[in-house]
**Q** 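The structure is given below, and queries will be raised subsequently.
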Amino acid sequence: MLNAASSTALTFSSTPNFYRSPSSLSIVLPNPKTIISTYARSSVLAVMEKAITRGHLTVADSEGVHHFGTRSKGSNDVYLKVVNNDFWMRILFSQDLGFSEAYMMGDVEVDSLKAVMDLWLDNESGMDNLSSAVSRVTSAISGISNAFLGQTRSKARLNAIASYDQSNELFKAFLSQEMMYSCALWTEAEGGVRGDLISGPTPGDLEAAQLRKIRYVLTAAKVKPGDRILEFGSGWGGMAIEAARTFGCEVDTLTLSKEQKALAEERIKAAGLQDVIRVHLMDYREIPPSFEKAFDAFISIEMLEHVGSKHYHGYFKLVDFALKSSNATAVVSASTFPESRYSGYQPEDFMRKYMWPNSCLPSATALITAANTGSEGRFTLEGVENHAAHYPRTLREWGRRLDANVRQDLIVKDYPSLKDTAEFDTFRRKWQYLFAYAGAGFAKGYITCHMLTFTRPNDCPATCD
């Protein structure tokens with residue numbers, strides 16, 4: 001008879017050979033998972049042998065220790081311990097997404113997540129050889145879906161629930177007091193973009209850098225007392241509160257998250273600004289007719305990543321609809337892809353699967369083009385800035401606060417499943433992975449962070465003659 005088991009063997013009964021019947025022969029076949037895991041392991045190790053040309057990697061598993069690349073002074077030296085053989089299959093079939101899953105599940109342990117990310121990106125061209133027919137097909141399906149289906153209203157709502165409708169307590173634990181979930185701007189007052197690495201972080205640094213970013217955006221928008229601002233993407237009200245409190249503006253801000261709206265309104269009321277700030281639970285595509293040509297400024301801070309390439313044109317058409325025809329400014333910021341990496345359809349990766357489903361990073365050029373076509377030429381591009389260098393420190397600061405403040409007992413009331421220690425560890429590793437993954441991407445130029453400023457045609461610059 002044929003038996004499926006985890007090892008290969010031929011077994012016979014104790015009956016002498018000349019009495020043995022054919023049915024007494026037992027063949028034990030390997031477990032299919034073991035076969036695939038073995039193949040995956042050998043394939044991944046073979047690719048690493050050729051792929052790691054910059055830095056050094058040590059991989060330890062139950063079968064031994066393997067070294068790849070060359071150690072040299074100042075080079076990246078990574079140690080990786082495989083705890084579960086599922087790791088090999090995840091890497092073979094899903095590459096970097098597979099590694100993120102292996103890390104979150106505890107299938108692999110590393111001495112430094114940042115070092116792993118840097119090593120992967122430094123040797124990216126060689127790692128591409130891990131692609132298989134299976135992963136190419138599945139990635140293509142995901143990318144095509146994002147490109148041609150875009151963000152329906154129902155999908156946008158589901159995405160908000162997946163990413164932001166979590167626990168306000170979680171975000172309070174690692175964000176600054178302003179609760180800005182976006183790139184801060186660092187100056188020498190905090191030691192610059194590497195000040196935390198050189199002299200160590202100082203309490204209040206993140207708050208100072210985030211407040212600077214808000215004021216920088218509002219200044220770029222040229223707002224003055226009495227102006228009315230439209231914001232797509234409320235966050236927890238940080239920008240709106242500062243615009244009203246310090247700049248004397250009136251703000252209408254839109255969000256899809258009930259959790260965000262509730263806390264934003266609580267914070268706005270505590271600041272005594274409920275009469276000049278209105279938080280709308282509304283898709284940006286549903287702004288009312290009363291918004292037509294009603295606003296002096298438009299601001300959106302890192303919300304465009306959730307719009308989708310199919311909708312950039314319509315997005316800026318609505319911005320044009322809402323802004324006054326003259327003396328009006330739009331400021332948008334977003335995490336972006338460099339033009340060489342940008343595509344309208346983007347396959348599933350860690351960010352799009354586990355943090356922001358169906359998100360799509362634009363490029364600066366794609367947004368500038370959409371602003372021009374969507375407004376039918378009624379926007380003048382005034383400024384383009386890349387703040388990518390400021391993001392790694394922002395992410396490091398969030399990571400430190402996450403490690404210090406996110407405790408199991410703090411968030412278990414919002415996440416009952418996290419009573420299980422293994423579940424909580426997976427949850428925490430997801431956020432740790434996010435900060436390291438994104439930080440390496442910005443630091444290596446894999447992703448960028450642009451702020452674009454548009455004015456109306458013939459709007460005068462500051463007095464210059």
Side-chain angles (χ1 to χ4, degrees), residues 114 117 121 174-176 178-198 201 205-223 231-233 235 238-239 242-243 297-307 312 315 329-342 351 355-356 359-368 370-371 381-401 434-455:
K114 178 186 183 300
M117 304 302 173
L121 291 176
F174 70 83
L175 295 180
S176 62
E178 295 78 15
M179 293 195 73
M180 293 297 292
Y181 196 21
S182 56
C183 183
L185 288 182
W186 307 93
T187 68
E188 288 308 311
E190 301 86 35
V193 296
R194 299 187 73 251
D196 61 320
L197 301 177
I198 296 171
D205 280 357
L206 182 59
E207 280 72 19
Q210 288 290 17
L211 182 59
R212 180 182 299 110
K213 167 67 174 293
I214 295 172
R215 291 176 176 174
Y216 188 82
V217 169
L218 288 166
T219 300
K222 302 180 178 66
V223 297
E231 180 186 31
F232 287 174
M239 194 288 297
E242 183 64 14
F298 171 83
I299 292 173
S300 183
I301 300 176
E302 295 187 32
M303 172 269 186
L304 266 162
E305 298 90 330
H306 306 281
V307 168
Y312 296 154
Y315 176 97
T329 304
V331 180
V332 298
S333 71
S335 295
T336 50
F337 271 131
E339 277 66 21
S340 61
R341 293 185 183 277
Y342 172 73
M351 298 281 203
M355 300 307 302
W356 302 286
S359 61
C360 177
L361 296 191
S363 70
T365 300
L367 295 180
I368 292 168
L381 178 64
E382 182 174 79
V384 180
E385 300 177 41
N386 182 3
H387 296 157
H390 295 262
Y391 230 139
R393 180 172 179 182
T394 304
L395 291 157
R396 290 194 299 270
E397 297 283 359
W398 290 345
R400 292 186 188 102
R401 295 184 181 209
L434 167 67
F435 298 147
Y437 180 84
F442 286 112
K444 293 290 184 180
Y446 187 88
I447 45 179
T448 44
C449 183
H450 280 96
M451 186 179 100
L452 309 176
T453 304
F454 301 92
T455 58

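Remember, predicted model here, so these are calculated numbers, not experimental data.
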**Q** Evaluate the side-chain proximity of His450 to Leu367: yes if any heavy-atom separation is below 4.5 Å, no if none is.
**A**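 Sidechains of His450 and Leu367: no contact.
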**Q** Quick one, Trp398 and Leu175 - any side-chain contact, counting heavy atoms below 4.5 Å?
**A** yes
**Q** Would you give the length of the straight line joining atom CG of Leu211 to atom CG of Leu206, rounded to the nearest 0.5 angstrom?
**A** 11.0 Å
**Q** Quick check: closest heavy atoms across Pro338 and Tyr446, and the distance to 0.1 Å?
**A** CD-O, 3.2 Å
**Q** Stepwise, does the side chain to side chain contact (heavy atoms under 4.5 Å, CB included) test hold for Arg393 with Asp205?
**A** CA-CA 11 Å; Arg393 180 172 179 182; Asp205 280 357; 3.0 Å; yes
**Q** Under 4.5 Å between any side-chain heavy atoms of Pro201 and Arg400, yes or no?
**A**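 They are in contact (side-chain heavy atoms under 4.5 Å apart), so the answer is yes.
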**Q** With rounding to the nearest 0.5 angstrom, report the NZ to CE distance, Lys444 to Met117.
**A** 13.0 Å
**Q** Do Lys222 and Glu382 have side chains that get closer than 4.5 Å, going by heavy atoms?
**A** yes
**Q** Can you see which heavy atom on Ala220 is nearest to which on Thr453, and at what distance?
**A** O-CG2, 3.9 Å
**Q** With sequence neighbours left out, write down each residue that passes side chain to side chain donor-acceptor pair (under 3.5 Å) with Trp186, or none if nothing qualifies.
**A** Thr394
**Q** Supply the atom-to-atom distance Ile447 CD1 to Ser335 OG, rounded to the nearest 0.5 angstrom.
**A**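 Separation between the atoms: 6.0 Å.
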**Q** Can you name the residues that form a ring pair (Phe, Tyr, Trp, His ring centres under 6.0 Å) with Tyr437, not counting sequence neighbours?
**A**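 If we apply the ring pair (Phe, Tyr, Trp, His ring centres under 6.0 Å) test to Tyr437, skipping adjacent residues, the hits are Phe350, Tyr433.
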**Q** Assess whether a salt bridge exists between Glu178 and Lys213, defined as any Lys/Arg side-chain N lying under 4.0 Å from an Asp/Glu carboxylate O.
**A**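 No, this pair does not count.
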**Q** For Met351 and Ala438, which heavy atoms make the closest approach, and how far apart are they?
**A**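 Of all heavy-atom pairs spanning Met351 and Ala438, the closest is CE-CB, 3.6 Å.
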**Q** Looking at side-chain heavy atoms only, is the closest gap between Glu302 and Cys449 below 4.5 Å?
**A** yes
**Q** Are the side chains of Glu190 and Arg212 in touch, meaning some heavy atoms are under 4.5 Å apart?
**A**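 Side chain of Glu190 against side chain of Arg212, heavy atoms only: contact under 4.5 Å found.
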**Q** By side chain to side chain donor-acceptor pair (under 3.5 Å), which residues pair with Glu242, not counting sequence neighbours?
**A**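 Side chain to side chain donor-acceptor pair (under 3.5 Å) list for Glu242, sorted by chain: Arg215, Arg245, Thr246.
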**Q** With Glu339, which residues qualify under side chain to side chain donor-acceptor pair (under 3.5 Å), at least two apart?
**A** Thr365
**Q** Run the side chain to side chain contact (heavy atoms under 4.5 Å, CB included) test against Arg194 and tell me which residues pass, sequence neighbours left out.
**A** Leu197, Ile198
**Q** Let me confirm one number: the CD1-CE distance from Ile301 to Met239, rounded to the nearest 0.5 Å.
**A**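 Reported to 0.5 Å precision, the distance equals 6.0 Å.
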**Q** Nearest 0.5 Å, what's the OG-CE distance between Ser182 and Met451?
**A** 12.0 Å
**Q** Does a side-chain heavy-atom distance below 4.5 Å link Val332 with Phe298?
**A**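 SC-SC contact between Val332 and Phe298 confirmed.
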**Q** Looking at every non-hydrogen atom in both residues, tell me the closest pair between Tyr216 and Glu385 and how far apart they are.
**A**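 Between these two residues, the closest heavy atoms are OH-OE1, 2.7 Å.
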**Q** Looking only at heavy atoms, what is the nearest atom pair of Leu434 and Met355, with distance?
**A** CD2-CE, 3.5 Å
**Q** Nearest 0.5 Å, what's the CG-OG1 distance between Leu304 and Thr336?
**A**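 Result: 10.5 Å between the selected atoms.
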**Q** Please find the pair of heavy atoms, one from Leu395 and one from Gly439, that lie closest to each other, and give the distance.
**A**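 For Leu395 and Gly439, the tightest heavy-atom pair comes out as CD1-N, 3.4 Å.
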**Q** Under the side chain to side chain contact (heavy atoms under 4.5 Å, CB included) rule, collect the residues that match up with Ala371, sequence neighbours excluded.
**A**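 Side chain to side chain contact (heavy atoms under 4.5 Å, CB included) check on Ala371 returns Phe316, Phe379, Phe454.
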**Q** With the side chain counted from C-beta on, respond yes when His306 and Phe232 share a heavy-atom pair under 4.5 Å apart, and no when they do not.
**A**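 His306 does not reach Phe232 side chain to side chain.
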